[in-house]
Number of protein chains: 4
Amino acid sequence: MIVILKENPDRRQLEFLTGWLQKQQIGIHISEGAHQTVLGLVGDATRLDIDMLKQMEIVEDVKRVQEPFKKANRKFHPLDTVIQVGSARIGGGGVSIIAGPCSVESPEQIALVARGIKDAGADLLRGGAFKPRSSPYSFQGLRGEGIKMLVAAGREVGLPIVTEIMDLSNLDLFAEVDVIQVGARNMQNFELLKELGHSRKPILLKRGLANTYEELLMSAEYIMVSGNENILLCERGIRTFETYTRNTLDITAVPALQTLSHLPIVIDPSHAAGKASFVPALTMAAVAAGADALMIEVHNDPPHALSDGAQSLTIPAFAKLANQIRQLESTLVEEKN
Amino acid sequence: MIVILKENPDRRQLEFLTGWLQKQQIGIHISEGAHQTVLGLVGDATRLDIDMLKQMEIVEDVKRVQEPFKKANRKFHPLDTVIQVGSARIGGGGVSIIAGPCSVESPEQIALVARGIKDAGADLLRGGAFKPRSSPYSFQGLRGEGIKMLVAAGREVGLPIVTEIMDLSNLDLFAEVDVIQVGARNMQNFELLKELGHSRKPILLKRGLANTYEELLMSAEYIMVSGNENILLCERGIRTFETYTRNTLDITAVPALQTLSHLPIVIDPSHAAGKASFVPALTMAAVAAGADALMIEVHNDPPHALSDGAQSLTIPAFAKLANQIRQLESTLVEEKN
Amino acid sequence: MIVILKENPDRRQLEFLTGWLQKQQIGIHISEGAHQTVLGLVGDATRLDIDMLKQMEIVEDVKRVQEPFKKANRKFHPLDTVIQVGSARIGGGGVSIIAGPCSVESPEQIALVARGIKDAGADLLRGGAFKPRSSPYSFQGLRGEGIKMLVAAGREVGLPIVTEIMDLSNLDLFAEVDVIQVGARNMQNFELLKELGHSRKPILLKRGLANTYEELLMSAEYIMVSGNENILLCERGIRTFETYTRNTLDITAVPALQTLSHLPIVIDPSHAAGKASFVPALTMAAVAAGADALMIEVHNDPPHALSDGAQSLTIPAFAKLANQIRQLESTLVEEKN
Amino acid sequence: MIVILKENPDRRQLEFLTGWLQKQQIGIHISEGAHQTVLGLVGDATRLDIDMLKQMEIVEDVKRVQEPFKKANRKFHPLDTVIQVGSARIGGGGVSIIAGPCSVESPEQIALVARGIKDAGADLLRGGAFKPRSSPYSFQGLRGEGIKMLVAAGREVGLPIVTEIMDLSNLDLFAEVDVIQVGARNMQNFELLKELGHSRKPILLKRGLANTYEELLMSAEYIMVSGNENILLCERGIRTFETYTRNTLDITAVPALQTLSHLPIVIDPSHAAGKASFVPALTMAAVAAGADALMIEVHNDPPHALSDGAQSLTIPAFAKLANQIRQLESTLVEEKN
């Protein structure tokens with residue numbers, strides 16, 4: 001860490017600062033410039049409170065040299081983390097496919113989709129039971145009943161299930177869930193993250209709409225320091241000025257997060273685009289960029305064929321795409337060899 | 001609400017759509033353009049699921065004509081909401097001042113600040129006990145103990161208190177709190193909002209860093225539909241590309257939210273700027289723009305005078321600013337008369 | 001176009017408005033809602049001044065139903081535009097590769113890179129002679145001399161060249177340039193765009209860092225209405241809150257712009273990432289998403305091996321990537337057949 | 001400047017780097033951390049090419065300690081710059097008012113507005129002759145004829161005039177213009193900035209919609225290094241996710257730019273809000289925050305009273321606001337004394 005001092009720092013305050021640092025086992029290199037004095041801190045600065053430092057009267061600015069996350073940091077864990085869920089292995093090469101509807105609507109609907117995606121080669125089944133909706137007047141999900149329907153559908157076809165938790169008070173309902181999802185709006189719900197750190201279940205942590213890679217990894221760190229290191233990082237589109245699509249998929253998250261961290265990266269092209277017609281192109285891009293897993297919305301075709309889901313693929317469209325994913329995956333593996 | 005259909009919509013699907021709308025008591029005006037057919041919906045479209053509509057195969061786009069929020073909407077409640085907390089009245093003219101430290105640190109510290117701001121003319125005391133920090137390695141607040149210290153300090157000087165809740169599981173600890181704050185990161189924690197709707201206490205709802213006015217008002221609506229209409233909307237800076245300041249204060253939120261809603265508007269210049277030296281200018285701007293209340297960070301000067309708080313004012317600096325606020329307030333009142 | 005009127009519009013003003021519209025051959029459908037009257041405009045509303053409409057006292061809001069761009073719009077030109085430059089064909093299937101250094105530095109340097117990329121299979125040579133730099137103290141490019149060096153190097157190896165214009169006053173220097181680039185900072189330099197509309201040369205138009213697809217297409221429209229329809233749209237990264245990469249590649253621009261427009265789409269992964277190590281992953285993603293062309297920075301290895309270019313590939317690294325691009329391209333073609 | 005090296009840097013490259021720095025008169029302090037070596041550079045690093053440094057293979061990151069702008073920097077010019085235009089003095093205390101229509105439409109219109117704002121106490125007259133419009137189908141301004149009308153109107157009432165230049169090729173038309181405006185879209189049109197540096201006229205430089213304070217000041221620096229130090233910095237709203245207003249006024253620009261620079265700060269509340277009804281609140285906020293000047297759109301009321309300008313004030317509304325500005329100004333002066 002680099003601490004830049006204001007011009008002509010008060011000597012007494014400087015002594016206080018250096019004493020405070022030394023008590024925390026931090027070594028100091030002083031470098032005096034024409035207009036500015038700079039302190040280079042040597043030692044484990046991760047636990048230093050950067051805000052506290054910035055608040056000191058003689059400090060002009062503090063700049064990090066090392067990332068503030070440790071357990072999620074690839075520098076200290078060079079090997080890829082591989083997460084095993086049922087028969088699926090996510091991370092360490094190859095692409096896993098998570099698929100299913102945005103919301104669980106009925107036992108029949110979720111059973112139909114589960115069968116369809118299983119036959120098309122998906123590895124995990126997703127479905128929402130608790131739905132974070134920006135309007136209180138919109139459908140809020142089937143909640144506990146929805147989870148039961150999802151568990152039953154997953155067990156029937158032999159796929160592990162992923163579903164979102166919205167509040168700690170519902171944690172008991174997730175006993176039979178295989179992967180617990182934390183949604184983008186809850187990425188910095190720190191009380192929830194801490195509690196999930198005491199679980200042994202893998203956590204699929206979605207990046208917030210306006211959050212950085214570092215903030216995402218700090219949220220993963222919250223879970224990891226409590227003991228649970230089975231985390232899937234998920235990029236699902238960020239908010240930009242473009243309104244033609246629902247959000248904007250940040251495809252660079254794939255190589256960037258794989259460089260910064262050892263945790264597997266999941267791409268959700270459906271929420272990012274908000275338009276089913278763009279999902280195949282974004283999916284193929286994610287596979288080509290090296291994503292560890294995909295999370296794709298698939299919806300059964302309702303009797304009246306009225307809704308094809310603004311961002312959901314039909315089961316046949318998903319089956320076609322899953323086939324293309326597998327072909328692209330094998331081409332990329334060949335190229336590497 | 002306006003529904004724009006794709007070119008040459010399927011007749012059977014169009015009949016399904018119009019039937020579905022009529023069942024919900026929605027009248028329809030059809031307008032056929034050169035390339036596009038447009039449906040104008042007449043009636044209470046607030047409860048229509050706009051996502052459901054957008055997903056329909058024959059629909060190209062849906063545009064709202066009316067705001068999706070109702071209870072927070074000034075159109076249906078022309079008069080300003082006034083919130084009474086202890087002897088303070090927020091809303092309906094005049095500026096209330098909420099002040100105090102970012103974190104409650106000890107009984108002595110909070111008592112000292114409470115006395116200082118009371119003497120300077122503040123109307124409410126704030127202080128954080130549960131602190132949402134992006135790093136798990138940073139100070140997380142004194143939690144339940146912090147609330148007790150804050151309550152004691154407030155009672156001692158006769159000021160109502162404001163403090164932040166981070167999770168529903170802690171709600172019991174807030175029994176003696178006067179105003180419950182929902183932080184920016186929790187603005188769309190809908191389970192929390194719904195539960196606070198069953199409280200009778202005023203809620204200070206902070207706008208998320210990348211959220212729109214409409215999203216803020218929809219979050220207020222979540223609380224209001226559950227029965228609690230005592231809401232203070234708080235603008236505390238949004239995330240922009242500027243990194244010189246911590247966030248960017250959106251001063252237009254004052255006239256904009258006052259136009260859209262009848263709820264009082266609080267401006268927090270301290271979190272927005274992140275630099276104490278900019279707080280006076282932003283505070284005066286907020287008063288001149290017509291804010292109903294201010295929320296200003298004030299910290300006692302610690303023994304070693306080492307920290308003046310990157311964004312906190314000292315007690316004397318706050319006293320000077322409070323005086324300027326009162327002078328500006330009376331000038332503006334005179335001008336109106 | 002939809003015009004939403006304020007409640008209880010003044011009758012005389014409404015007559016003025018409808019008369020004004022009718023004079024412009026616009027038909028009107030009136031739809032009266034519970035709280036709002038809505039006018040649906042029928043006819044060619046492209047030339048209507050939407051700002052003028054919004055300014056009218058009785059108008060609350062105006063919403064477009066159709067895109068404001070016409071010549072760039074796929075609805076009116078369903079077939080892909082194919083741009084022929086020398087022996088290269090961009091658009092209509094297949095991926096063209098544009099490569100070369102950020103700046104032309106010397107005749108030897110550009111000749112070396114030109115030979116290297118030609119041997120690796122590139123289709124066009126790029127190189128900057130006029131450099132838009134945010135600091136006046138940074139290297140500003142070799143200007144006219146740089147263009148001469150680039151032209152010579154391109155002719156020597158038989159590759160068409162692409163280089164950026166920064167101001168109309170330099171247009172004469174571009175006589176032998178094959179494709180004229182308009183940089184992101186000039187995307188809304190409308191005087192420049194109009195003048196380039198009188199050229200017959202293809203224009204590579206880069207999207208501004210904070211501009212939408214519609215704004216990019218409106219800038220293309222500026223060139224096209226002046227008579228030049230040979231436009232390459234280029235996505236080169238947008239500004240987001242992420243600072244780990246230079247910009248954020250918007251990969252969705254590929255399917256989105258291909259849906260909205262018939263013009264070919266170029267992806268520049270080098271400027272987007274700002275880090276050479278991420279360029280291969282982003283390049284493969286762009287090809288998989290269906291981009292028509294790529295624009296990749298390649299730099300010769302200087303004698304002291306000191307600089308490998310923060311975002312530039314070495315010639316061998318480019319050759320390896322070009323090979324992977326071609327393999328991926330043929331796999332994708334096979335899948336389609 | 002701080003240069004952070006990669007782990008285990010190549011010794012030969014490190015010698016090359018330190019030799020290269022020493023040749024440029026830069027002293028070096030080396031600080032070896034547990035995982036990282038950091039170089040502290042001492043001397044005038046303004047002219048160092050930061051991109052060149054970042055590209056070096058052994059460099060992980062480069063962090064500035066000092067601002068990259070020099071002539072615009074308050075550190076080296078502690079006193080406020082005061083710009084004299086006709087009888088108006090902008091900067092150094094007090095608020096100047098620039099007012100006028102968005103576009104010059106006819107000699108009668110501009111004469112009418114000029115008289116109205118002069119009587120209300122404005123200090124300068126603004127009016128657009130070259131209009132940057134996102135659509136080629138919108139009104140593009142009266143160009144040279146418009147400037148003549150504006151000059152005549154200004155001379156008639158005795159007010160200096162401000163108008164926007166869009167391209168260097170039109171510079172001759174600005175001979176009688178008092179202040180030349182560079183619009184937000186041209187803030188990084190560096191060829192234009194360099195040429196305006198050779199002018200003696202004051203330049204009103206608008207901040208781009210997605211640009212930072214530092215980028216604005218670097219653009220001012222472009223003009224200043226060419227010799228023209230009469231620059232007015234103008235904040236006119238930035239692009240954010242909020243779409244209810246046209247842009248978002250960044251009020252913090254006032255204290256922030258006044259801290260960073262000695263140049264006067266102009267606030268344009270009209271373009272920021274895009275809604276006339278919000279202009280008074282934003283104007284008062286700007287005055288209270290300490291802005292040096294305001295730029296307000298004022299339009300004559302057209303015969304049919306159809307258009308009051310979405311963001312333009314009528315002449316009587318402006319007169320009322322100008323009066324409030326003057327009252328607030330004198331209150332603030334009193335408080336300071």
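Only a predicted model underlies this, so the values are computations on that prediction, with no experimental measurement involved. Values below: all heavy atoms of this structure, side chains included; hydrogens, waters and symmetry mates excluded. Below, chain A is the first sequence line, B the second, and so on; all start at residue 1.
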Is any side-chain heavy atom of [Y] closer than 4.5 Å to one of [X]?
{"X": "C:Thr212", "Y": "A:Thr240", "result": "no"}
{"X": "A:Phe278", "Y": "C:Thr259", "result": "yes"}
{"X": "C:Glu214", "Y": "A:Thr243", "result": "no"}
{"X": "C:Glu242", "Y": "A:Thr252", "result": "no"}
{"X": "C:Tyr244", "Y": "A:Leu260", "result": "yes"}

Between [options], the one whose heavy-atom pairs under 4.5 Å with chain C are most numerous:
{"options": "A:Glu215, A:Gln327, A:Gln258", "answer": "A:Gln327"}
{"options": "A:Ala210, A:Ala253, A:Pro280, A:Ala285", "answer": "A:Ala285"}
{"options": "A:Asn211, A:Val287, A:Val254, A:Thr248", "answer": "A:Thr248"}

Exceeds 12 heavy-atom contacts within 6.0 angstrom, atom CZ of A:Arg89: no
More than 12 foreign heavy atoms under 6.0 Å from NZ of C:Lys320: is that the case here? no
Picking from C:Leu328, C:Thr283, C:Ile251, which has the most non-hydrogen pairs under 4.5 angstrom with chain A? C:Ile251
Honestly, the part of A:Ile238 sitting under 4.5 Å from a heavy atom of chain C is side chain
Side chain, backbone, both or neither: which part of A:Ala273 has a heavy atom under 4.5 Å from chain C? neither
